[in-house]
Structure formats: C-alpha cells, structure tokens
Amino acid sequence: MTLEQLSYEALERRLAREKKARLAAEGLLEKKSLELFQANQDVAEQAELIGRERAVLGAVFDARPAALVLTNSALEVERLNPVARRLFALPDGAAPGQSLPDLLSGSAGFLDWVRARAGAQPEIDDSTVEGFARQASGEEIPVRISCSLIGYNDLRLWIILDIRRHLAAEEEKKVLERSLVQAQKMEALGTLASGVAHEINTPIQYIGDNVSFLQEVCGAVGAFLGAVDGALAAEGEPVSREQLAATLAGKRAELDIDYLLEETPSAIAQSLHGLKQVASIVSAIREFSHPGDTEMTPVDLNAVIDTTLSVTRNSWKNIAEVEHELDPDLPSVLGHAGDLHQLVLNLIGNATDAIAERAPAGGGKIRISTGLERNNVVIRVQDNGTGIKDADRTRVFDPFFTTKAPGKGTGQGLAIVFKIVNVGHGGQISVDSTWGEGTTFTIRLPRSEG
C-alpha cells in the first residue's frame, strides 16, 4: 500500500470519528435543550401556581371576618386586611410603617404582652389577651388579640377580634342567670310560703291573746280606779279608813287585780318576744328575696346561713334537727349575697330531702359549720340522709341529673350550687358521702381582701 493510500484511510477514519462526535454532541445538545425547555415549562407552571396561591392567600387574608395585621419583628405594620382598616378607622395606605402598639390601648399588662412579641422569637405561644383598638377619633373598641409567627421573613400575624358583641352577650347571659336564680328563689319562697305563714302565725296568735289579756287588765284597773274615785267622792256620813279599805279590798278581789298585775309583765314580755320573732322572719324573707347587687360586695356568710335557716325552718323542723357551729370571727367573702342565699337554701333543701327519704331511726340531723382555712372561708353542710352511691358521686353536679323519683326534683339544685361556687365566686365545692349513712358538702370561697 502506498503512502497516499495510507493517508486517505487515516483521513476517512478521522472524518468518521469527528462525524460520530458531532452526532453525539448534537444529540446531547438536543437532550439538554429539551431538558431546558421542560425546566422552563416547570418554572412557568410553578410561577403560575405561586401566583395563584398568592392571589388565593391574598383573597383569604382580605376576606377574613377577623382583623388581620402583618408586622415585622419591630412590630411595624406591613399589611392589614379591610376588616383591620375598619377596626382602626384607617384610610387606604395609611397603616404600613406604623407601630402596632401605637394603634392599641389598655392595661400595662396588655401592652407589655404585645411588646413582648417584638425581636427574635423562637416561637410564639397561642395565648390571647384582651385590650382595646384605638381609633383616631379617640373611640376605644374592646378586642381580643393573638399572635403567630408565619415562618417567612420573621413576620408576625396578628388576629384581632372585635368582642363588643361577645361582651354584650356575656352581660346578657349574666342578667339571665341572675334572673333565673331570682326566679328560683321566688319559687322556693312560694313553696315555703305556708311554712313561713305558720312560723309568723304562731307568735301573732299569742301576741293577740296577750293583747286581749292586757285589754282586760286595762278594763279591770279602770274599774278599780273608778271604785276608788267613787268611794272618795261619796257624800253622806264620813267613811272610816277601815271601811274604805274593806270596800276597796273587796273590789280588788272581785276584779282579781293582784293576778292581773302579776301576769301583766309576762304578757308584755311574751308579746315583745313575739314581735321580735315576726320582725326577724320578715327581715329574713326580705333579705332572702332581694335580688342583690350586680357588683360583688363583702358578704357575711354567717348572716346568710341564719337568714336562710329562718326562712326554711318550717320545711325541716319536723324532719331534722339543725345544729350550726358558726365561727364568730369569720371574715367576709366577696360575692353576691342573693346567690349565696340560694346556695345555702339548695344545700339545706338537698339535706332535708335526703333525710326524709331515709328517715333514720335516731332522727334526722343537719350540721352546718363555718370556719377559716388559710385564705378560704369554709362552709360544711352535713346530713345523715340516704347518702350518694359511688357511681353517682361524679355526676351530682351535672345539670338535670337527679336520683330522686320523677316529680321530686329537676336535677338543677346542685348544678346551680356548683356554678355559684366555682364560676360565680371562684371557689371550690367537694362532696364526701357514704351510701346509707349521709353526705357532707364542703365549700371553700376566697375571703374578701381587707
């Protein structure tokens, strides 16, 4: 083979290798072009998706019925929704850059809570706080606020709820609850009316008898004095001292003046005692039936117990003997006197019913005591009635739960007691009971400061 032939073959092989390399490069280029095109398509789709998500999130942000405010870590407002603008009475474009605490007012604790959300925050709790949103006009709107980190650019999302309707509803609920308690007290008075009338009628009866007796005394004394005047003014022969004394002694014996004078102090004392008893019962009824103040005031629990026992006496006097051991130095509690009357009434009524159901051989006994344990005023009401079964003990404070026969109870008495103690007065109530032996309710209420 000649030199020319060798050079030609080498050239062909080289051209073949170059062609192969070029084809490979073109294939790789085409492949990368397709990948780049696909990547561009994916980017475009992602951008469109992000755009849609942003639009949806923006629409959700603006459409939320609560006021939403976005702030940075310095608590400067970056965005707020229309509800927030209306809440703060801000025109469009007026809020960004403002400090959120400057748009709020309230207690020092409230503003401290808001300011504590500034700066670096590893996490923000889900607690809420109540204060006021301040408008430029000076009007302050009660609000409840929560704050969350949203995980982007250290932004904070503030959810601010206008609670004016909530507060109005809560106040209306309190009014209705007070009305319900008052209605139940009036119902109780209606049930006890015949007994109260009997309690009043007994002293009134012997007061009437004593007044009739005193009327008789006045008549007899008047007749005796008339006889004295007649004897002294008689005309004719002078009457000796002995004759006058004998005449008056006879008249005195005839009118039984000595007996009348001896019994008069007792009749007066009995009448005064009866009048005091009637006045006490009337005062107890008036105090018991009074709706009470809407604001909490210092209340003497010993007086509440005495008043309630006076009103309910006829309902338990033939069923149980009531013993009360009341601490004379018992401090007052801050509360609603009307509700506390209802509380004691329900516990006494519950104890009376339990004793009547069991009818213990040794007689029914209700023991009421008061005392002080640390900073709590304690009331205990103990009875030797039927007791409570273990299975029922955890349910006795549930509304409408009752172990009484149909028509004998609605299951509201102890539920009302629980609400008065735990919700209305921030106290605690516990029950200790043995089936067939009796029950003790223990109530602890915070003592009134000062």
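Keep in mind that what you see is a predicted model, and the values were worked out from it rather than measured. Start at 1 with the first residue, then count along the sequence.
Side-chain polar atoms of Asp432 and Thr442 form no donor-acceptor pair below 3.5 angstrom.
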- Message: Working note: Val322 + Ile348, criterion side-chain contact (heavy atoms from CB on, under 4.5 Å); need CA distance, chi angles, decisive distance, verdict.
- Response: CA-CA 10 Å; Val322 174; Ile348 292 174; over 6 Å; no

- Task: Could you give me the CA-CA distance, side-chain angles and deciding distance for Ile379 and Ile305, then say whether side-chain contact (heavy atoms from CB on, under 4.5 Å) is met?
- Result: CA-CA 10 Å; Ile379 310 172; Ile305 292 171; 4.3 Å; yes

- Evaluate the salt bridge (charged side-chain N to carboxylate O under 4.0 Å, His left out) criterion for residues Glu321 and Lys365: first the C-alpha distance (whole Å), next the side-chain angles of each, then the deciding distance (0.1 Å), finally the verdict. CA-CA 5 Å; Glu321 176 186 352; Lys365 292 187 182 297; 3.2 Å; yes

- Quick one: do Leu90 and Leu80 satisfy side-chain contact (heavy atoms from CB on, under 4.5 Å)? Show the steps, please. CA-CA 10 Å; Leu90 293 170; Leu80 42 70; 4.1 Å; yes

- Leu70/Leu157 under side-chain contact (heavy atoms from CB on, under 4.5 Å): CA gap, chis, key distance, verdict: CA-CA 5 Å; Leu70 275 175; Leu157 176 64; 4.1 Å; yes

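Residue Gln382 places its CD atom among more than 12 non-hydrogen atoms of other residues, nucleotides or ligands, all under 6.0 Å distant. Heavy atoms from other residues, nucleotides or ligands lying under 6.0 Å from CD of Glu325 number 12 at most.
The two residues Gly335 and Val299 have their closest heavy-atom pair at O-CG2, 3.6 Å. The shortest heavy-atom contact between Asn422 and Gln428 is OD1-CA, 4.1 Å. Here the closest non-hydrogen pair linking Ile141 and Leu87 is CD1-O, 3.8 Å. Pairing each heavy atom of Arg86 with each of Gln135, the nearest pair is O-NE2, 3.7 Å. The heavy-atom pair separating Ser127 from Arg117 by the smallest distance is OG-NH2, 3.6 Å. Minimum heavy-atom separation, Ile355 to Ala320: CD1-CB, 3.8 Å.
Inter-residue side-chain proximity for Ile145 and Trp158 is flagged as met; some heavy-atom pair is nearer than 4.5 Å. Arg444 has its side chain within reach of Arg380: a pair of non-hydrogen atoms, C-beta onward, lies under 4.5 Å apart. Residues His425 and Met296 meet the side-chain proximity criterion, which asks for heavy atoms closer than 4.5 Å. At least one side-chain heavy atom of Asp306 sits less than 4.5 Å from a side-chain heavy atom of His324. Side-chain atoms of Ile159 and Leu68, non-hydrogen and from C-beta on, do get closer than 4.5 Å to each other. Counting heavy atoms from C-beta outward, Val377 and Pro331 have side chains that approach closer than 4.5 Å. Residues Ile368 and Leu309 have side chains in contact (heavy-atom distance under 4.5 Å, counting atoms from C-beta outward). Between Leu347 and Ile443 the shortest side-chain heavy-atom distance falls below 4.5 Å.
In this structure, CD on Glu140 lies 3.0 Å from OG on Ser105, to the nearest 0.5 angstrom. Going from atom CG of Asp154 over to atom CG of Leu149 covers 6.5 Å, rounded to the nearest 0.5 Å. Taken from CG in Leu414 to CG in Asn350, the straight-line distance is 4.5 Å, to the nearest 0.5 Å. Here the CD1-CH2 distance, from Ile388 to Trp435, works out to 9.5 Å after rounding to the nearest 0.5 Å. Rounding to the nearest 0.5 Å gives a distance of 10.5 Å between CG of Leu445 and CD1 of Ile420. The structure places OG1 of Thr434 at 12.0 Å from CG of Asn384, a figure rounded to the nearest 0.5 Å.
At least one donor-acceptor pair closer than 3.5 Å links the side chain of Ser433 to the backbone N or O of Gly438. Side-chain N or O atoms of Asp162 include one that pairs as donor or acceptor with a backbone N or O of Arg164 at under 3.5 Å. No donor-acceptor pair closer than 3.5 Å links the side chain of Arg156 to the backbone N or O of Leu75. Not a single donor-acceptor pair under 3.5 Å links the side chain of Asp383 to the backbone N or O of Thr352.
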